[in-house]
Amino acid sequence: MTLDQDKLDVLAEEVRKAGAFAFQKQADVRRTYKKDGSVLTEVDMAISHSLVSKIRSLFPGAAVISEEEETDASRDAEWTFILDPIDGTDVYSQGLPSFAVSLGLLDSNREPVGAYIEAPRFGIGTDEMSIRLDPGKRPLLNGKEIKVAGNKDDVTQVTTGSKAFRYFDFSSFTGKFRIFGSTIIHMLSPAVFSSIEASLTFSCYAWDIAASHAVLRSVGMDSVYADLTRLEYDDDFLYKKHPLKAPLYSGSEKGREALIKMLPPL
């Protein structure tokens, strides 16, 4: 089944509106906590309800997985949408700009092939960073094709999460780290920022990475474990909502290999 282009246009606009809504509500957002201690806001829930409903109405045969609600997703669906209503809820709830609404798309082989990402306060020389990747097409950044700049094989700047010291051996790395507070933005960074070559990801879930993983693969990059095996979106990761089995290294092939040597897992 080919996804209808007009419906994808509607969906992309809905994600953009969700990002604008999150921006509008940020100043007055209320910070609460889930059972696992992670931060949750009323905005997360509102965006989840809205986008899950919209996806179901546009693509009734597709599966939908959301971080914030159970959705009875079919494991045999031809297309699977994976939603993080706000990636970076912790920084969002503190008023910081590095958060994103993220919607990834897997095909029938569970390969990441689509992405709709809206970071309304984290643009490159603009107010927002809006990314769209329709299946089979080139990725767009604010309406223009993403063209990767910089030497991604020579790793000197890396994006990662604030708890990376628990997962990697830093003793041989002499470069710089950038920490934004959003896994989606961290993982996406090598594709959109010229001076960031790679990223490290750990202890996260399918909704934290699916959209950015699709964008990376669309520009010739990928994400692998330290033994160079690829990430697979299996039942445990998708439907049982288990976290990653091990840390991931993202970037170009040579960049990933260099990063694994410089920053081996603990």
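Side-chain atoms are counted along with the backbone in the values below, which use heavy atoms only and exclude waters and symmetry mates.
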Check ion pair K25-D44 (N to O, under 4.0 angstrom): no
Distance (rounded to the nearest 0.5 Å) between D208 CG and E67 CD: 6.0 Å
S48 and S66: side chain donor to acceptor below 3.5 Å: yes
D127, CG atom: more than 12 neighbouring heavy atoms under 6.0 Å: no
Side chain E197, main chain T156, donor-acceptor under 3.5 Å: yes
Whether R256 side chain and G251 backbone form a donor-acceptor pair below 3.5 Å: yes
N-O pairing of K54 and E13 below 4.0 Å: no
Note: E118-R16 ion pair, threshold 4.0 Å (strictly below): no
Aromatic centroids of F122 and F180 separated by under 6.0 Å: yes
Within residues 238-266 or reaching into it, pairs that qualify as ring pair (Phe, Tyr, Trp, His ring centres under 6.0 Å) - sequence neighbours excluded: F168-Y249
Ion pair check, E128 and R121, cut-off under 4.0 Å: no
Qualifying residue, where the test is salt bridge (charged side-chain N to carboxylate O under 4.0 Å, His left out) with D235 and the options are R75, K241, K240: R75
Approximate separation, where rounding is to 0.5 Å, of D227 CG and I260 CD1: 8.0 Å
Cluster companions of I179 among Ile, Leu, Val, Met, Phe, Trp, Tyr (side-chain spacing under 4.5 Å): none
Residues R132 and D134 bridged, charged N to O under 4.0 Å: yes
Sequence neighbours excluded, every pair satisfying ring pair (Phe, Tyr, Trp, His ring centres under 6.0 Å) that has a member inside residues 132-152: none
